[in-house]
Amino acid sequence: MSLIEGRTGQWEVVIGLEVHAQVIAKAKLFSGAATAFGAEPNTQVSTIDAAFPGMLPVLNRFCVEQAVRTGLGLAAEINLVSVFARKNYFYPDLPAGYQISQYDRPIVGKGRLTLDLADGTTREIGITRLHLEQDAGKSLHDQHPHATFVDLNRAGVALMEIVSEPDLRSAEEAGAYLRKLRAILRYLGTCDGNMEEGNLRCDANVSVRRSGAALGTRCEIKNVNSVRFVMQAIEYEARRQVELLEDGGTIAQETRLFDAARGITRPMRSKEEAHDYRYFPDPDLLPLVLEESWVKEIGARLPELPDAKKARFIDTFDLSVAEADLLVAEKATADYFEAVAHGRAGKIAANWVTGDLFGVLNKRGVGIEESPVAAAALGELLDLIADGTISGRIAKDVFAAMAETGEGAKAIVQARGLRQVTDSGAIDAAIETVLAREADKIAEYRSGKDKLFGYFVGQVMKATGGKANPALVNERLRTRLG
Amino acid sequence: MTGLTGLTIAAARDGLRQKKFSARELAEAHIAAVAAARPLNAYLVETPERTLAMAADADKRLAAGEGRALEGLPIGIKDLFCTEDVATTAGSRILEGFRPPYESTVTANLWRAGAVMLGKLNMDEFAMGSANVTSAFGAVENPWRRRHDNRPLVPGGSSGGSAAAVAARAALAATGTDTGGSIRQPASFCGIVGLKPTYGRCSRWGIVAFASSLDQAGPMTRTVRDAAIMLGAMAGHDAKDSTSAPIAVPDFEAACARPVRGLRIGIPREYRLDGGPAEIEALWQQGRRWLEAAGASIVEISLPLTKYALPAYYIIAPAEASSNLARYDGVRFGLRVPGESLEAMYEETRGAGFGVEVRRRVLIGTYVLSAGYYDAYYLKAQKVRTLIARDFASAFENCDAILTPTAPSSAFAIGEKMDDPVAMYLNDVFTVPSSLAGLPAISLPAGLSDDGLPLGLQVIGRAFDEETVLAVAAALEAAAGFSAEPAFLAGGRA
Amino acid sequence: MALDKATVARIAALARIKVPDGEQEHLASELSNILAWIAQLNEVPTEGVEPMASVADMRLPVRDDVVTDGNVRERILANAPQAQRGFFVVPKVVE
């Protein structure tokens, strides 16, 4: 628990997050228009999405499946009966003047999500519910001085609204929650989780209180579009509220925006003043009734999720929590690692993936899907180390070359003659060559300067072009020097 | 009245097949009738070119022996149905200039059956009304007049234009929609047949939505058999409408000939109105005698919550309407009144575009859904609705069809009942309960009032049992022998 | 339940319908009458009764995840009071 130090004492921050995740599906929630990102304005719009007179919604079964899948991935209750309700308000990118959403009978009920914190500990956060709803279109306010331009391509795309319990207690936890949720959604294939593209949006509800006191008045910070900004917004807002309260003021329950440029939150100017959405069950749609067997079948086909995979990696491959966290953050990374680690030393594989491979990927700014070195190729390299063909030191050079050229480890070792020298005769000869010219240093070593041993090892390695087996060099040198 | 415009659908269909006349002749006669009917203000849009083009196509098919169920038959379409590229207004200023880029499923079904379009028919704005006086494009006149009284009368509503056109012989038939009585009540006022099918029998796709859980398209015709023929073409499952029933369309026309012998006809005591016109009570009694004479038995039944149907309806329908009409905001189609800001544009557009009755109902609807009132109003009304449906379900354990009057009065004068909205709402007292329960119901002309105006009887059936409804209605029609004609006939008297 | 002018103004704002000043009083009394008439529903006991979900006695139909619509921008914009460069245009919204 991290508390805020105010002027008059300590304060606890209470945070709940509402995430809107765009569902991966080809078509929209209630119409057959496409959902692909980046199309020309109003080209992915049906007359249903544009709320023309007489138009009616028809539910996309796959979107329901994705919502159920996500609920199961959050260990949540699936409500076999749920109801679509209209949320009524006026806005130009909401053509019908109402959004088809779910209100008191959502498709998914209570669940949970485990945070992986920086210090290696975990904490369980409650999920209140998940429901399906339509996304709105886009209003562009910057195309014209006196007009707003409206594009309905996004109107009607399926969203999952995922609401957390107000269990989060710091900006750090909020960040961990978002990263974990995003990972789960990506593992399940139900949402791309790309906050920059807008297919994962977060609203943060923030309040402060003295430890043990009742919940304070909360403010909602809407539509923050990166994890970093969410954390900044929370920190700013918590401070703002603490300062206000310590100055004797009260918190007005309001909706605020995060101004990323200035790093502050400020109240939203208009929006539905009364927030009276007049929810009622959509009379164009009947209640959604799911078969238990259908839900079970989806559950049976769930992929292994991050928590389970992490536990298995730690157990099977003897990894540390930190290593495991790094490897399971993206399913593609975990799959890559597992392919490399299969039949090999897990810890070594982990080091290479999180160290050398990540280094190359970061430098090139690509994800593991575009890795210049395939998992099998890295595995081959590790085999060459394991069977003594090359030293670990040389392997690093080989890896660099593999990334550059795309060639395999064996080929590179062959071409550049990098085989490790393990012949003790050759090593002894190199030792003699070195010692022959280092008489002074030998004397210094013998009189107590132990550190020089490393120098000698280095010289012998140099004399063999780096190819001598370091362990063997150590051993032979010790024997020789006494 | 002889002449092409006085035919029934069945007779016109036969006449075309027997080559007594061509589709073109039928079309021309009706185009003239449509023009002659202008004093009634029944048509908002006349489409004579389209009529002739479709008739030409019909003649080709008929010649090739490929005539479809409604081939070459001229019909009018209530302006609530979106017709591709033809102005559709729902009787409202807010949709002025709107040309739908799509065709409603029901009208597409009719064109696919070979029917020929005469034009779009006037109606109460957004289907809200019982007299067709709320249309932004002027009231519709009933072709009937009271004996010894020259005041123009209302045709009923909301499908007032449809009823007036069919009654005046300015269409062989018309489509209507019924949410609380909007097909049946105008049918009763205009002396024609109007059928509201079971909810889900016809698709709502492409029909401007008023109250989604109640709206149903249906035929308005001069005979019961014609209504059956029209319904057969209009009905059918539509995957684009999630409330459309996945149920086969039976042979409705054949059902008209079913005998009523052995059927039990329920007479609900709660439909007896205190202080209601004696002639309506008398006609209702006459109806039961006709059915008894035809071999049916009469059962006294009780629908205890009948009187609560109207208030429940006037919560549910406006609530749904307030949400359905939110899309009329000046952004993507229809009227836009410019404003300083977006909010001003919304408010000015909707303020100018909606008439007073629509405004009333949208505000009531907004109120009953608003925070703090949802439970007391909307939720309560939906619970009462469940109970009303249960009333009917119980009743149908003891009878096969229910007989009631259609309306509590004959047509009244344009301008009457305007002081108090509730007085207007009471017109629907007999039709609203079956709407709330989603049951099929038909009105047929059964007699005349003392001052010579048509009076209708209503038959209500079990869900998806339009066949029994049609059979009982056909028996009543035969017994009643209603042959009176309105004062105004668009084709002129023979 | 009587509605006063202020309530009517609030509801009209929620519904985005401008009601001219001169009409507000009359509208308030009309709406109040309607609501008073509707209030008789309270006479009906509804303990334990489920609100009607739909008269339609069927399962909610679903569709496959296939792109079958869209790419009809001309049709979508054809009736627009104001459109530019493929967008709908409205007075600027201040956020």
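Side chains are part of it too, since the values below use all heavy atoms of this structure and drop only hydrogens, waters and symmetry mates.
- For B/Lys417, the NZ atom counts as densely surrounded, since its 6.0 Å shell holds more than 12 non-hydrogen atoms of other residues, nucleotides or ligands.
- The nearest pair of heavy atoms linking C/Val44 to B/Lys380 is O-NZ, 2.7 Å.
- The distance from the CE atom of C/Met52 to the CZ atom of B/Arg385 is 5.5 Å, given to the nearest 0.5 Å.
- Sparse packing is recorded around CZ of C/Arg75, with 12 or fewer heavy atoms of other residues, nucleotides or ligands lying under 6.0 Å away.
- Looking only at heavy-atom pairs under 4.5 Å with chain C, the residue among B/Leu310, B/Asp329, B/Asp420 that has the most is B/Leu310.
- Between the CG atom in C/Leu35 and the OH atom in B/Tyr373 there is a gap of 9.5 Å [rounded to 0.5 Å].
- Taking C/Val19, C/Leu27, C/Asn42, C/Ile38 one by one and counting their heavy-atom pairs under 4.5 Å with chain B, the maximum is reached by C/Ile38.
- In terms of heavy-atom pairs under 4.5 Å with chain C, the best-connected choice from B/Pro421, B/Ser213, B/Gly339 is B/Pro421.
- In this structure, the side chains of B/Arg336 and C/Gln82 come closer than 4.5 Å at one or more pairs of heavy atoms.
- Heavy-atom distances place both the backbone and the side chain of C/Ile11 under 4.5 Å from chain B.
- For the atom pair OH (B/Tyr328) and CD1 (C/Ile17), the distance works out to 13.0 Å, reported to the nearest 0.5 Å.
- Expressed to the nearest 0.5 Å, how far OG1 of C/Thr7 lies from CG of B/Leu363 amounts to 12.0 Å.
- Of the residues considered (B/Gly365, B/Gly351, B/Pro311), B/Pro311 shows the highest number of contacts with chain C, using heavy-atom pairs under 4.5 Å.
- In this structure, the side chain of B/Thr386 engages the main chain of C/Glu50 through a donor-acceptor pair within 3.5 Å.
- For B/Tyr308 and C/Glu43, the side-chain atoms include at least one donor-acceptor pair closer than 3.5 Å.
- B/Val362 and C/Ala15 get closest at one heavy-atom pair: CG1-CB, 4.1 Å.
- The minimum heavy-atom distance linking C/Pro45 with B/Leu387 is given by the pair O-CD1, 3.7 Å.
- With a 4.5 Å cut-off on non-hydrogen atoms, C/Val89 touches chain B through its backbone but not through its side chain.
- Of the two parts of B/Ala239, neither the backbone nor the side chain holds a non-hydrogen atom closer than 4.5 Å to a non-hydrogen atom of chain C.
- Of the two parts of B/Ala312, the backbone and the side chain both hold a non-hydrogen atom closer than 4.5 Å to a non-hydrogen atom of chain C.
- In this structure, the portion of B/Tyr199 lying under 4.5 Å from any heavy atom of chain C is its side chain and not its backbone.
- Nearest heavy-atom pair across C/Pro91 and B/Met345 is CD-SD, 3.6 Å.
- Using a 4.5 Å cut-off between heavy atoms, B/Val422 touches chain C through its side chain atoms alone.
- Comparing B/Ile316, B/Thr243, B/Ile247, B/Ile364 by heavy-atom pairs within less than 4.5 Å of chain C, the highest count is held by B/Ile364.
- Annotation for C/Glu25: atom CD does not count as buried by contact number, only 12 or fewer foreign heavy atoms lying within 6.0 Å.
- Contact annotation: the side chain of B/Tyr367 never approaches that of C/Leu14 to less than 4.5 Å [non-hydrogen atoms, C-beta and beyond].
- Residues B/Pro101 and C/Asn79 meet the side-chain proximity criterion, which asks for heavy atoms closer than 4.5 Å.
- Within the 4.5 Å cutoff, the side chain of B/Ser242 has heavy atoms near those of the C/Pro61 side chain.
- To the nearest 0.5 Å, atom CD1 of residue C/Ile34 and atom OH of residue B/Tyr314 are 9.0 Å apart.
- Neither the backbone nor the side chain of C/Glu74 comes within less than 4.5 Å of any heavy atom in chain B.
- With a 4.5 angstrom heavy-atom cutoff, B/Ser244 touches chain C only via backbone atoms.
- Heavy-atom pairs under 4.5 Å with chain C were tallied for B/Tyr313, B/Phe464, B/Tyr425; the largest tally goes to B/Tyr425.
- With a threshold of 4.5 angstrom between heavy atoms, C/Ala12 approaches chain B through its backbone and through its side chain.
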Exercise for review: Please test B/Leu426 against C/Trp37 for side-chain contact (heavy atoms from CB on, under 4.5 Å), starting from the C-alpha separation and ending with a verdict.
Suggested key: CA-CA 11 Å; B/Leu426 293 174; C/Trp37 171 68; 4.3 Å; yes

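- Chain C forms the most heavy-atom pairs under 4.5 Å with one residue out of B/Val356, B/Val368, B/Ile315, and that residue is B/Ile315.
- Partner of C/Glu30 under the salt bridge (Lys or Arg N to Asp or Glu O under 4.0 Å) criterion, chosen from B/Arg359, B/Arg360, B/Arg361: B/Arg360.
- The CZ atom of C/Arg16 lies 8.5 Å from the CG atom of B/Leu342; values are rounded to the nearest 0.5 Å.
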